[in-house]
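Everything numeric in this text was worked out from a predicted model, so none of it was measured.
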Amino acid sequence: MDNTRTQDAFSQLSQEKILKIMNMVKNKEVSIEGALHLAQKEGYADKDSQDLLTGSLFNYSIYKYKHYRWQKRILQIDFNTKTIFNIEKGIIKKQFPFSQVKSCEDTERRRFSIVFHGRQDYELEAVSLDDKRKIMYLLSRVMQSNSCRRPGEPCLERAAECDVVHEGVLDLQQNAFMSTEWVKYLVQLREGELTLYCIGLGAESKNACPAMNTIHLSGGNVSVSKENECGTFLVQTKGHNYLFRIPFTVQNYRTEVVSKLRNEWVSLIERYCELCKGGSLSQEESQGDTSSEADYENVTVALNEQKEEALHFDVSAAATSLNKPSNSQTKPVKGDVAPASASTPVPISKVEVPPAPPAFFQSCSLSPLAKRTKAFHWDVVPCDKIPKSIWGSCDPGKKKIDASRLCEQFQVQDVAVFSGNEPSVNQHIMLDRKIAHNFSIFLKSFRVKPSELKEKLYIIHEESGGLTDEQITTLRRYMLTPKDAEKYQSFRGCPSELHIVDQFMLEMCKIPHLGQRLDLLLAVRELPVSMGDLEPLINQKIQASKQLHSSQKFIAVLEYILAIGNHLNENAGKEKAKGFRLSSLTKLSLLRGKERTFTLLHALVEQLSLHEPDLVKFAQELTEFEAVPDASMKGLSAEVDVLKKELENVTQCRRLIKPRTTKAMPQESQFCRELKDLIQKYEGDLSQLSKRCEEMKKLYSSVLVKFGEPQDLDSQELFGWISTFISEFRKACAEVMQ
C-alpha cells in the first residue's frame with residue numbers, strides 16, 4: 001500500500017475514529033484496503049460538514065433529464081429562502097419550497113433523482129462525483145429540516161448534528177450479467193436515512209472518491225423485511241431493492257449471533273421507516289391538492305422522432321423489442337445508458353430472470369449504386385378522402401425534381417468500417433451485454449478507430465478535427481467502472497481479436513485520467529459560450545437599474561399614484577400611506593370605476609394629462625423595460641458562480657494531466673500550451689464578467705433601497721411589475737385619448 005496515501009487518509013481523523021477503523025481490521029470485518037477507503041470516507045464527510053454548514057446558498061451545474069435528452073441546468077439550494085431553484089441561462093425555470101421535497105433517490109454513477117410531493121420527479125446528473133456527494137448531503141439536510149416536529153426548532157442545526165443511530169459492515173448483493181456477488185459496505189443508520197459506503201472493491205481508483213449511496217427513509221415509501229436465508233434482509237424503496245447480508249467475522253461466526261444482528265438491523269430500520277412514514281403523510285395532507293397538471297413537465301417524445309432514431313441506428317422493430325424495458329417507469333435512452341458501477345449499490349428484483357442476449361445489428365446491405373436518404377415523416381391522407389380532394393387529380397410524375405441535389409442534401413452517411421472483427425451474436429464480450437449493445441449503437445455513428453481515440457483527446461476544438469460535444473458527453477457516460485477496468489487491464493491477448501466494443505473499452509483503459517480529460521474538453525468549449533450568453537443579459541440588467549435609479553418622471557408618476565390612492569383611502573375611512581410597494585402598480589387596472597371599462601389606471605392617465613402632460617411619456621426614460629428578458633439577477637449570479645467553479649476545475653484538470661517529464665510527445669505539449677493560453681484568456685474574461693455582475697448587484701441593491709423594497713426581492717419580480725405597468729399604461733393612454 002502507498003504510505004503517502006495512507007498518511008493522507010488518516011492524518012485528518014480523530015484518534016477515536018482511527019481506533020474504530022483499526023478494530024474493524026483486527027476483527028477481519030474489513031481489509032486493509034477497505035480500511036483506507038473508510039478513512040477517506042470519514043475525511044470527506046468531515047470536510048463536507050465544515051464547508052457545507054458554513055454557507056447558505058449553493059449552486060451546482062447539473063444535467064436534467066427531459067424529452068429523452070440531458071439538458072444543462074443549475075441547481076440552486078437556498079437555505080435563506082428555503083427554496084430549490086432550477087435555473088437555465090439565468091432564467092428561473094422552476095422553484096420548489098423545501099417542504100415539497102419528499103425524498104431523494106441515489107442511482108448509478110453521477111445520477112440521482114429528487115422526489116417531490118405532488119410533482120414529477122427530477123432525474124438529474126451531477127458533473128462530478130464530488131458535486132453529487134455534496135448535493136446529496138445538502139438534500140439530506142433539507143429532508144431532515146422537513147422532519148422537525150416543533151415549529152420553533154432550529155431545523156438546520158438539528159439536521160447537521162444528526163448522529164449515527166446504528167452502524168456496521170454489511171454485504172450487499174450486486175448483480176452482473178449471469179452472475180451474482182456480495183460487496184462489503186459500511187452502513188450507517190441515521191434519523192431519516194440509511195447511508196452506504198463501499199469498502200469492498202480493491203480495484204477502486206486511487207484518485208476516486210469513496211462510493212456512497214443514500215437510502216432516504218423520509219419519503220414514506222421504504223420498507224424492510226427478513227429473508228429466508230440466515231442473516232439476510234431486504235430494504236425496498238420506490239424503485240430499488242437492496243438485499244443485505246450479515247457477514248461472518250471473528251466475532252460473528254455463530255448462526256444465532258448473525259440472526260440476532262439481522263433482527264436488530266430490521267427492527268431499527270422498521271422503526272425509523274414508520275416514524276418517517278407518519279411525517280410524510282402529514283406533509284402530504286398539509287400540501288393539499290395545490291399542484292396543477294400544467295406544472296408537470298411532459299417527457300414524452302414524438303413517434304416520428306423515435307422512427308428517425310431507429311432508422312439512424314439501423315435497428316429493426318423486432319430487434320429493438322429485445323431491449324424494451326419491462327418496467328413502464330423506466331426511460332430508455334439510446335446511446336445514453338451508463339454502466340452500473342460495481343461500487344454503487346445496484347437494485348435487484350425479486351424474480352431474477354437472465355435477459356436474452358441482445359443481438360448486434362448489421363447495417364442493411366445496399367447495392368453500391370443505391371443511395372439511402374433520410375425519411376420525411378409526413379401525415380398521409382386516408383385513401384377514402386383522396387378522390388374528393390386535390391390529391392385525386394394530382395400527378396406527381398409530371399413534376400421534375402433535381403434528384404441529385406436531394407441526394408446530396410439528405411443522403412445518409414455511410415457508417416465507418418473498423419478493422420476489428422464484425423459484431424457477432426455468439427462472440428464473447430467482456431463488458432455487460434446490455435451496456436455493450438448500447439455502446440455499439442453509439443459506435444456506428446462514431447467515425448473514430450480505437451487507436452485514434454487518444455489522439456483525438458489532444459485536439460481542443462471540433463473544427464480542428466476534435467470530438468464533437470455530443471461524442472464527448474456520450475463517452476463520459478460510458479466511462480468504465482473500477483471493476484470493469486480491472487478486467488480489461490488483466491487482458492493479455494491480441495486486441496484485434498476482441499469485439500469492437502471491447503477494443504474501445506481496452507483503449508479507454510489505457511488513457512490516464514480519461515474522465516478528467518473529457519470533462520476538461522467539454523468545459524473548455526462551454527465556458528466561452530456561457531460567458532457570451534451571460535454578458536448581454538447582465539448588461540441589460542445594469543442599464544435597467546441605472547434607468548430606474550435616474551428616472552425623475554417615473555418618480556413623479558409614483559407621487560401622483562400615491563396622491564390618488566391616499567385621496568381614495570381617506571374618503572374610504574382608511575389612513576394615509578407614506579409610500580407603497582411597486583407590486584401595487586399591477587393593481588391599478590383591477591380597481592374599476594362606475595363605468596366598467598374605466599379603471600384607476602385610466603384615472604391616472606387623465607390626471608397626468610390634465611396637470612403634467614410630459615409625465616405621460618415617462619416610459620421613454622425606461623426603454624429597457626419594454627421587453628425585459630426573463631433572466632433574473634439571482635439566476636445570473638448563480639450562473640457566474642458556477643462558471644468560476646468550472647474554470648477552477650479546468651485549472652485543476654490541467655495540473656493533473658500536465659506532462660511530468662520533458663519527453664512528452666509534441667502533440668501533448670502543444671495541447672498543454674493551447675490549454676494554458678485558453679485558461680489565461682478565460683480567467684481574464686470571467687474576471688471582467690464577475691466585475692459586471694458585482695456592479696449589477698450593487699446597482700440593483702441601491703434601487704431596492706430607493707423604492708423601499710426588501711433586499712431579498714428578485715429582479716424578475718420587480719422588473720416584471722414595472723414592465724407590466726408600462727404596457728398597461730400605454731394601453732390606457734390609447735383608450736383615454738380616443
Side-chain angles (χ1 to χ4, degrees), residues 56-107 110-127 131-132 134-136 138-143 145-146 216 218-219 238 283-284 286-301 329 331 530 533-534 537 541 628-643 712-721 723-724:
S56 58
L57 184 67
F58 304 91
N59 298 305
Y60 294 98
S61 181
I62 51 99
Y63 291 90
K64 183 178 181 297
Y65 186 76
K66 183 180 179 182
H67 297 301
Y68 280 62
R69 297 290 182 270
W70 290 94
Q71 302 175 353
K72 192 171 184 180
R73 302 285 177 85
I74 287 177
L75 184 72
Q76 184 179 86
I77 304 176
D78 189 346
F79 284 93
N80 294 320
T81 61
K82 291 182 169 50
T83 309
I84 295 176
F85 296 92
N86 169 16
I87 301 171
E88 181 183 21
K89 294 182 179 179
I91 303 170
I92 298 177
K93 307 293 287 188
K94 293 282 184 180
Q95 49 185 308
F96 307 97
F98 282 1
S99 59
Q100 285 191 350
V101 179
K102 184 178 181 181
S103 64
C104 183
E105 291 283 343
D106 191 351
T107 54
R110 306 174 183 184
R111 297 184 187 180
F112 63 98
S113 60
I114 306 176
V115 182
F116 297 100
H117 291 283
R119 286 181 177 269
Q120 189 178 16
D121 298 355
Y122 261 28
E123 293 188 36
L124 306 173
E125 181 181 81
V127 296
D131 275 4
K132 176 184 174 180
K134 292 177 180 178
I135 293 170
M136 297 297 291
L138 292 170
L139 289 174
S140 69
R141 283 179 59 190
V142 170
M143 287 179 285
S145 71
N146 289 340
H216 293 284
S218 56
K238 182 180 178 182
Q283 276 192 13
E284 288 184 356
S286 65
Q287 289 290 329
D289 190 18
T290 57
S291 62
S292 170
E293 290 295 326
D295 293 332
Y296 285 14
E297 295 192 38
N298 184 9
V299 292
T300 59
V301 67
Q329 292 180 348
K331 297 178 177 64
S530 299
D533 290 340
L534 292 179
L537 297 175
K541 297 300 178 188
V628 179
D630 293 330
S632 69
M633 292 191 186
K634 184 181 183 68
L636 293 172
S637 299
E639 293 277 3
V640 173
D641 183 49
V642 166
L643 286 181
D712 60 352
L713 178 65
D714 190 48
S715 64
Q716 195 167 345
E717 287 188 272
L718 180 67
F719 290 180
W721 296 334
S723 180
T724 301

*Which of these passes salt bridge (Lys or Arg N to Asp or Glu O under 4.0 Å) with Glu88: Arg73, Lys94, Lys72?*
Arg73

*Distance in Å, Leu537 CG paired with Ile91 CD1, rounded so as to fall on 0.5 Å steps*: 7.5 Å

*Got Ile62 and Val127 here, is their nearest side-chain heavy-atom distance under 4.5 Å?*
no

*Considering all heavy atoms of both residues, which atom of Cys104 and which atom of Phe112 are nearest to each other, and what is their separation?*
SG-CD1, 4.2 Å

*Would you say the side chains of Ser632 and Asp714 form a donor-acceptor pair under 3.5 Å?*
yes

*May I have the step-by-step check of side chain to side chain contact (heavy atoms under 4.5 Å, CB included) for Ile114 and Leu124, ending in yes or no?*
CA-CA 8 Å; Ile114 306 176; Leu124 306 173; 3.8 Å; yes

_Under 3.5 Å: donor-acceptor pair, side chain of Ser715, backbone of Met633_ = yes

*asked:* Within this structure, what is the CZ-CD1 distance for the pair Arg141 and Ile77, rounded to the nearest 0.5 Å?
replied: 9.0 Å

_Let me confirm one number: the OG-CD1 distance from Ser140 to Ile135, rounded to the nearest 0.5 Å._
12.0 Å

*Any donor-acceptor N or O pair under 3.5 Å, side chains Asp78, Thr83*: no

*Carboxylate-amine/guanidinium proximity below 4.0 Å for Glu125 and Arg110*: no

*Any side-chain heavy atom of Asn80 sitting closer than 4.5 Å to one from Asp712?*
no

*So how far is it from Gln95 CD to Gln76 CD, rounded to the nearest 0.5 Å?*
10.0 Å

*asked:* Are Phe85 and Phe96, when compared by the centres of their aromatic rings, separated by less than 6.0 Å?
replied: no

*asked:* Is the shortest side-chain heavy-atom distance between Glu123 and Arg111 below 4.5 Å?
replied: no

*Of the non-hydrogen atoms in Val642 and Ser61, which two are nearest, and what is the gap between them?*
CG1-CB, 3.5 Å

*Within a strict 4.5 Å, meaning less than it, do heavy atoms of the Tyr60 and Lys134 side chains meet?*
yes

*Distance in Å, Lys89 NZ paired with Ile87 CD1, rounded so as to fall on 0.5 Å steps*: 14.5 Å

_Within this structure, what is the CD1-NZ distance for the pair Ile74 and Lys64, rounded to the nearest 0.5 Å?_
15.0 Å

*Give a yes or no answer on whether the side chain of Thr724 reaches the backbone of Gly720 with a donor-acceptor pair at less than 3.5 Å.*
yes

*List the steps and the verdict of side chain to side chain contact (heavy atoms under 4.5 Å, CB included) for Gln716 and Lys634.*
CA-CA 8 Å; Gln716 195 167 345; Lys634 184 181 183 68; over 6 Å; no

*Measure the shortest side-chain to side-chain distance between Val101 and Met143 over non-hydrogen atoms and say whether it is less than 4.5 angstrom.*
yes

*Would you check if Ile84 and Leu75 make a side-chain contact, meaning some heavy-atom pair closer than 4.5 Å?*
yes

*Establish, yes or no, whether a centroid distance under 6.0 Å links the rings of Phe98 and Phe79.*
yes

